[in-house]
Amino acid sequence: MNISIKIKVILPVFLVLAGCNNSQREKELELKEKELLLKEKELSIKENQNNRPKITTNDAVRLAEKQFKKYLSKNLESHDAVLDGTESYTGDFTGDGIEDVAIYFLLFQEMEAMQLSGRA
């Protein structure tokens, strides 16, 4: 009878401990699965970046300036302005490891430009 009581007490305690151990293992497995998914996503992103066509910085500047000229003509007409100057800058401005192009430009209203040049 004494052995029967010990078995009845020890068996439920053992089952509870085994259950806790299994839930811990399940959590570890879930964590490992999430880590693997993140690594797969990182690899996929890197593959996509590697598959992009590469262009030189000078080509990127020329392309940006060409697109800027298209934008500029519409902007000048809508604001009755003249372009005073532009300057192109390159660098990794966004911190993503890819060279960026920024174009600085200065506009004057048509009347202001005439006053500055002495034509008004």
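Hydrogens, waters and symmetry mates play no part in the numbers below; they use all other heavy atoms, side chains included. What you see is a predicted model; the values in this text were computed from it and never measured.
One distance of note links CD of E35 with CD of E33; it measures 11.0 Å at 0.5 Å rounding. Atom NZ in K66 sits 11.5 Å away from atom CZ in R62 (nearest 0.5 Å). To the nearest 0.5 Å, atom CG of residue L72 and atom NZ of residue K74 are 11.5 Å apart. One distance of note links NZ of K39 with CD of E42; it measures 8.5 Å at 0.5 Å rounding. The distance from atom CG of D80 to atom CG of L107, rounded to the nearest 0.5 Å, is 11.5 Å. Separating the CG atom in L29 from the NZ atom in K34 is a distance of 12.5 Å, to the nearest 0.5 Å.
Take D84 and apply the side chain to side chain contact (heavy atoms under 4.5 Å, CB included) test, not counting sequence neighbours, and it matches L106, F108. A102 meets the side chain to side chain contact (heavy atoms under 4.5 Å, CB included) test with F93; sequence neighbours excluded. For F105, the ring-ring contact (aromatic ring centres under 6.0 Å, His included) partners are F68, not counting sequence neighbours. Residues meeting the side chain to side chain contact (heavy atoms under 4.5 Å, CB included) test with T56, sequence neighbours left out: N58, D59.
Residues L83 and Y71 share a hydrophobic cluster, clusters being chains of Ile/Leu/Val/Met/Phe/Trp/Tyr side chains in contact below 4.5 Å.
Shortest non-hydrogen contact noted between I103 and A64 is CD1-O, 3.6 Å.
For the side chain to side chain donor-acceptor pair (under 3.5 Å) condition, the pairs that include at least one residue of residues 85-96, sequence neighbours left out, are E65-S88, T94-D96, T94-D100.
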